[in-house]
Peer 1: 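This is the structure I have questions about; it appears just below.
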Number of protein chains: 2
Amino acid sequence: METRELRYFVAVAEEGHFGRAAERLGIAQPPLSRAIAQLERRLGADLLVRTHRGATLTEAGETLLHEGRAALAAVEAAERRTRRTVETAGAGGSGGRPSVVLTAKAGASSEVIAKLLDAYAAEPGAVEVDLVLCPPAQQSPMLRDGRADVAILHQPFDDVSGFDLEVLLVEEQLLILPAGHALSTRRSVTVAEASSIPGLPLPRWPRVDGSYPEGPGPELRDLTQVLQLVRLGRAAIVLPDSARANLRDGLAVVPLSDAPRVTTVIAWPPHSRSAGVAGLVRTATRL
Amino acid sequence: METRELRYFVAVAEEGHFGRAAERLGIAQPPLSRAIAQLERRLGADLLVRTHRGATLTEAGETLLHEGRAALAAVEAAERRTRRTVETAGAGGSGGRPSVVLTAKAGASSEVIAKLLDAYAAEPGAVEVDLVLCPPAQQSPMLRDGRADVAILHQPFDDVSGFDLEVLLVEEQLLILPAGHALSTRRSVTVAEASSIPGLPLPRWPRVDGSYPEGPGPELRDLTQVLQLVRLGRAAIVLPDSARANLRDGLAVVPLSDAPRVTTVIAWPPHSRSAGVAGLVRTATRL
DNA sequence: GGGCCGTCATACCGGGCGGGTATCGCACCA
DNA sequence: TGGTGCGATACCCGCCCGGTATGACGGCCC
């Protein structure tokens, strides 16, 4: 199976529509139909059910979509990491020193990251660290497709499956309320209570694909903006304990009694051969 | 990057020789040279250094070989699992019920496996389990390229990186000697002592590629044959505790004081969607 | 219910590229 | 200095990918 065929199939599977998939792929619809039909013939499996309003996946199609995405990510990772090897190793000793790409959520664990980067930079033989800050839920895919070499992730929010990891920090979660709110005098609240405070919806976090679930709360894009909403009495939010350092006036904090602990980890692909990743991890475990 | 290019590059990298790689791939040498040159151009990286006696890898080439193997395994897995989905789901409700492929080392952990299969078969909704027994070190690759859905592995011998797993059994290792050997009266021996017993070499285990390391001991292919050699006073062997059940007369057993514990685990790809795998794992954790 | 629309499949054509054979360039070696 | 072994180059052919035009078919609306 060629990656071209996989890309075509994934496009059709995701769009549920040959025409839109062809457009997204930058080709015409007939060659796409033909390629998918050929793939189905070679696999001996019907992947899609064609209807008069598009195409839906069969069971075999679901499997190929799932496994195929992982395979495509692996191929992209191979390509990206090879490119990075040559440009950082400086083919022919030309220039650019080796570096490692570390990705993390913007606005999360900044203290841990700062300590890690400082400590690592002091190590002998440390390579340059490119810090790439991204919206939540993007770190895992970046690690899988080679855009990053190592990531700071948060369990149970991020998908850490398939990665090697070291735990950096375990913390409780807190409910952040407008100062003076009735609940702010409580010693603790439950998750159920926090998610149904009259007039104070919790913000919605983006999904992996960047879309937002349905609901009443504001769409969370920038933590400062959401905290402003909380201060104005328009929302509440649940954050890990370390965020307390960034809070300013006008906010009240109540521990959550039954929320899962947030675990901050450093994660990397299990087959990583990068000396930079190894060094960062070694430094991280010593913190 | 197309999988064809990756396959070509991996072949050349492994053979270190364009001619032999072309033969292995079933094509002529000139198109292969051209394909690799084109890949290098597109990646903007020299992957191979051509010499008058073959080709050796550059640093970028090492990266691509490493990442590329993983990517090819992922693509193969996608293809195999899709094929298996359709043939087991019975396209059109034709026949073949769903099944799951479990792989394990021949001759290891047979007790655990028997208990697991019995317990799972008694579960409601259990699917058929194809048990595939292979030589040591083959289970991990099989899980990675989709030939198997779930595996019984042994730490620290097998490479479990990137898999989800549950521990089934932790055991000490034992030195197996001919009955009456001088060491057989000892309360325990060290690994260093065990690996340098005069006249009693330890057998050599095959590597992932099936080849054997250099050394004096017999090549281990069949455990019964090796135990026969031990009985005859021609070898010694280190085995986990559970192997004690299979020992017959003529053998003495001495605990190893400093050998790592052997951990038997059940492992599966972290993104597995198979109900059969989930059921097997659930059963295994209850044992 | 018949025309119309949307969607995917089929038919057909052209060009690019992958693969083959023949040959060259080159380094080592006897 | 010819021989040998290896990869690169030159050149040709045929397949397959991609494009345009058109067909088949189920819904939908008036």
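Atom set for the values below is all heavy atoms of this structure, side chains included, hydrogens, waters and symmetry mates excluded. Given the structure is predicted, the values throughout are model-derived calculations rather than measurements. In the text below, chain A, chain B and the rest are named by the order of the sequence lines, each starting its count at 1.
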Peer 1: Below 3.5 Å between N/O atoms, which protein atoms pair up with nucleotides 13-18 of chain C? Just atom names and distances, please.
Peer 2:
{"unit_1": "dG18(C)", "atom_1": "O5'", "unit_2": "Arg4(B)", "atom_2": "NH2", "d": "3.3"}
{"unit_1": "dG18(C)", "atom_1": "N7", "unit_2": "Arg34(B)", "atom_2": "NH2", "d": "3.4"}

Peer 1: Salt bridge check: are Glu76(B) and Arg81(B) linked by an N-O gap of less than 4.0 Å?
Peer 2: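 No, Glu76(B) and Arg81(B) are not salt-bridged.
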
Peer 1: Taking salt bridge (charged side-chain N to carboxylate O under 4.0 Å, His left out) as the test, write out the residues that go with Glu40(B), two or more places apart.
Peer 2: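 So Glu40(B) forms a salt bridge (charged side-chain N to carboxylate O under 4.0 Å, His left out) with Arg50(B).
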
Peer 1: Listed by chain and number, what are the salt bridge (charged side-chain N to carboxylate O under 4.0 Å, His left out) partners of Arg234(B), not counting sequence neighbours?
Peer 2: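 Arg234(B) satisfies salt bridge (charged side-chain N to carboxylate O under 4.0 Å, His left out) with no residue once adjacent residues are dropped.
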
Peer 1: Restricting to nitrogen or oxygen on both sides, can you table the protein-nucleotides 1-7 of chain D pairs closer than 3.5 Å?
Peer 2:
{"unit_1": "dC6(D)", "atom_1": "OP1", "unit_2": "His17(B)", "atom_2": "NE2", "d": "3.2"}
{"unit_1": "dC6(D)", "atom_1": "O5'", "unit_2": "His17(B)", "atom_2": "NE2", "d": "3.1"}
{"unit_1": "dG7(D)", "atom_1": "OP1", "unit_2": "Phe18(B)", "atom_2": "N", "d": "2.8"}
{"unit_1": "dG7(D)", "atom_1": "OP2", "unit_2": "Phe18(B)", "atom_2": "N", "d": "3.4"}
{"unit_1": "dG7(D)", "atom_1": "OP2", "unit_2": "Gly19(B)", "atom_2": "N", "d": "3.2"}

Peer 1: Can you pull out how bent the helix from dG1(C)-dC30(D) to dA30(C)-dT1(D) is, comparing the axes over its first five and last five pairs, to 10°?
Peer 2: 10°

Peer 1: Between Arg42(B) and Glu5(B), does any side-chain N to carboxylate O distance fall below 4.0 Å?
Peer 2: yes

Peer 1: In whole angstroms, how far is the P atom of dG20(C) from the CG atom of Leu32(B)?
Peer 2: 10 Å

Peer 1: Write down the distance between CG (Leu25(B)) and C1' (dG20(C)), rounded to a whole number of angstrom.
Peer 2: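 The distance from CG of Leu25(B) to C1' of dG20(C) comes to 15 Å, rounded to the nearest Å.
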
Peer 1: Quick one: Glu5(A) CD to dC16(D) P, roughly how many Å, whole number?
Peer 2: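 Rounding to the nearest Å, CD of Glu5(A) and P of dC16(D) are 12 Å apart.
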
Peer 1: Please state how far atom CG in Leu48(A) lies from atom C1' in dA9(C), giving the value in whole angstrom units.
Peer 2: 14 Å

Peer 1: With rounding to the nearest 0.5 angstrom, report the NE2 to CG distance, His271(A) to Asp159(B).
Peer 2: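 The NE2 atom of His271(A) sits 11.0 Å away from the CG atom of Asp159(B).
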
Peer 1: In whole angstrom, what separates Leu39(A)'s CG from dC16(D)'s P?
Peer 2: 15 Å

Peer 1: Less than 3.5 Å apart, any donor N or O on the side chain of Gln29(A) or Ser33(A) sitting next to an acceptor on the other?
Peer 2: yes

Peer 1: With a 3.5 Å distance limit and no angle check, can you tell me whether Gln139(B) reaches the backbone of Ala104(B) through a side-chain donor-acceptor pair?
Peer 2: yes

Peer 1: Is the shortest side-chain N to carboxylate O distance from Asp145(A) to Arg69(A) below 4.0 Å?
Peer 2: no

Peer 1: If only side-chain N and O atoms count, and only distance matters, is there a donor-acceptor pair under 3.5 Å linking Thr3(B) with Glu2(A)?
Peer 2: yes

Peer 1: Among all residues two or more places apart in sequence or in another chain, which pass the side chain to side chain contact (heavy atoms under 4.5 Å, CB included) test with Ala148(A)?
Peer 2: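 Once residues adjacent in sequence are excluded, the partners of Ala148(A) under the side chain to side chain contact (heavy atoms under 4.5 Å, CB included) criterion are Val101(A), Thr103(A), Met142(A), Leu143(A).
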
Peer 1: Under 3.5 Å, is there a donor-acceptor pair between the Thr58(A) and Glu62(A) side chains?
Peer 2: no

